[in-house]
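The block underneath contains the structure these notes are about, expressed in structure tokens.
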2 protein chains.
Amino acid sequence: MTTLTPAATADRTGVSLDTLRYYEREGLIGPIRRTAGGRRQYTEDDVFWIGLVTCFREAGLGIADLRGFVAMLRAEHSVQDRVAFLRERRTVLEERVEALRRAIKVLDEKIDYYGGA
Amino acid sequence: MTTLTPAATADRTGVSLDTLRYYEREGLIGPIRRTAGGRRQYTEDDVFWIGLVTCFREAGLGIADLRGFVAMLRAEHSVQDRVAFLRERRTVLEERVEALRRAIKVLDEKIDYYGGA
DNA sequence: CTCGGATCTGGAGCGCGCTCCAGGTCAAGG
DNA sequence: CCTTGACCTGGAGCGCGCTCCAGATCCGAG
């Protein structure tokens, strides 16, 4: 199976080396496989998961939220628990969209006031 | 003209006393009128503006952005500059909405995977 | 006039999410 | 071999947005 070096992974994902290590320390990704010498080897699956983490980070979820997400995947949770967790996060994000819509509306009003020119 | 005490203003706006003072120090609001003794007297206009600031903060704009907003209102800027600034902020917020939509989509897919139960 | 609660100021402290650094290790090319 | 550059670890540092604190001042009720 092909693996990626840290540098290649940073390149592919747009996440810095430091941040990749930080996410791993925080339990958001990995643990990442190592070579005999201790260097990290990222798999395609790792890259995919890093993409998910990035997606949620860009949406403004915190590190603790993401840790919750990882925890949810561990088998000790029922399907109901998982869906409840997912719906809860969804609600938080929807509320954030509403906050943005309100702010955009204010901006649009101001722009209109200036004649939209 | 009726004015509000700091406590009443915090109450009305949902912004803490410390944060009101902080916003004023940072130039996001005010300067707020004072009594002879130095106590702040918030007007209805102040309260309204605090509402706007809160709206933008909830949308995730930073303190520096808000300061830019205040600067924009000062007369040295042309209508074109102002509208350009407003449109720019609007674009930033729209991008944020898109990031949220992407994350919500991921959540929906997971929820579907669990059968939406 | 006195008391006490609200308010004042300046500055320290905090949680988050990185980011940077020192000092050392690994491994491919010459 | 030896060099060189990517990588390792642990920990310090940083910018943001508050939040908290001490010590002083104000002012309405009694």
Side-chain angles (χ1 to χ4, degrees), chain A residues 2-43 46-47 50-70 89 92 96 99 103, chain B residues 2-43 46-47 50-70 89 92 96 99 103:
Chain A
T2 99
T3 57
L4 298 176
T5 63
T9 307
D11 221 52
R12 276 272 299 277
T13 62
V15 177
S16 79
L17 289 170
D18 272 321
T19 301
L20 284 174
R21 286 191 283 258
Y22 171 67
Y23 285 174
E24 191 178 351
R25 266 202 307 282
E26 295 297 320
L28 270 48
I29 59 176
I32 305 299
R33 274 236 307 300
R34 305 297 187 101
T35 66
R39 272 79 209 286
R40 288 175 179 81
Q41 298 185 116
Y42 295 87
T43 66
D46 289 330
V47 169
I50 292 165
L52 283 186
V53 168
T54 301
C55 174
F56 287 128
R57 285 291 302 121
E58 282 171 354
L61 291 185
I63 301 301
D65 288 307
L66 273 290
R67 241 186 325 248
F69 213 86
V70 173
R89 292 301 109 189
V92 170
R96 221 163 283 192
Chain B
T2 98
T3 58
L4 298 176
T5 64
T9 307
D11 222 52
R12 276 271 299 276
T13 62
V15 177
S16 79
L17 290 171
D18 272 321
T19 300
L20 284 173
R21 286 192 284 257
Y22 170 67
Y23 284 174
E24 191 179 351
R25 265 203 308 281
E26 296 297 320
L28 269 49
I29 60 176
I32 304 300
R33 274 236 307 300
R34 304 299 187 102
T35 66
R39 272 79 210 283
R40 289 175 180 80
Q41 297 186 117
Y42 295 86
T43 66
D46 289 330
V47 169
I50 292 164
L52 283 187
V53 168
T54 302
C55 175
F56 287 129
R57 284 293 302 121
E58 283 172 353
L61 290 186
I63 301 301
D65 289 307
L66 273 290
R67 242 188 322 248
F69 213 86
V70 173
R89 293 300 110 189
V92 170
R96 222 163 284 192

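Throughout, protein chains are lettered first and strands after them, A, B, ... in sequence-line order, and every chain is numbered starting at 1. What you see below is based on every heavy atom in this structure, not just the backbone, and it leaves out hydrogens, waters and symmetry mates.
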Nearest-Å distance, CZ (A:Arg40) to C1' (D:dA6)?
13 Å
Which letters describe nucleotides 17-22 of chain D, given B = protein heavy atom under 4.0 Å from base, S = only from sugar-phosphate, - = neither?
BBBB--
Please report, rounded to the nearest Å, how far the P atom of D:dT9 is from the CG atom of A:Leu17.
12 Å
Rounded to whole angstroms, how far apart are OH on A:Tyr42 and P on D:dA6?
16 Å
Is any side-chain nitrogen or oxygen of B:Thr5 closer than 4.0 Å to OP1 or OP2 of C:dA6?
no
Roughly how far, to the nearest 0.5 Å, is CZ of A:Arg33 from CZ of A:Arg40?
14.0 Å
If a protein heavy atom is under 4.0 Å from the base, mark B; if only from the sugar-phosphate, S; if neither, -; do that for nucleotides 23-30 of chain D going 5' to 3'.
--BBS---
Rounded (10°) bend between the five-pair end axes of the helix from C:dC1-D:dG30 to C:dG30-D:dC1
10°
A:Asp46 CG to A:Ile32 CD1 distance, which is reported to the nearest 0.5 Å
3.5 Å
For a quick test of reading the model, state the closest non-hydrogen atom pair linking B:Arg12 to B:Leu4 and the distance between them.
NH1-CD1, 3.8 Å
Over how many whole Å does the gap from A:Glu26 atom CD to D:dG11 atom C1' extend?
14 Å
Provide the closest heavy-atom pair for A:Ala103 versus B:Ala59 in the form atom of the first, atom of the second, distance.
CB-CB, 3.5 Å
Separation between CD of B:Glu26 and OG1 of B:Thr19, rounded to the nearest 0.5 Å
11.5 Å
Between B:Leu66 and B:Arg57, the two heavy atoms sitting closest are CD2-CD, 4.5 Å
Here the distance between atom P of D:dC7 and atom CG of A:Leu4, to the nearest Å, is 11 Å
Taken to the nearest 0.5 Å, the spacing of A:Phe69 CZ from A:Leu52 CG works out to 7.0 Å
With rounding to the nearest 0.5 Å, note down the distance linking CZ in B:Arg96 to CG in B:Leu61.
6.0 Å
To the nearest 0.5 Å, what is the distance between OG1 on A:Thr5 and CD on A:Gln41?
10.0 Å
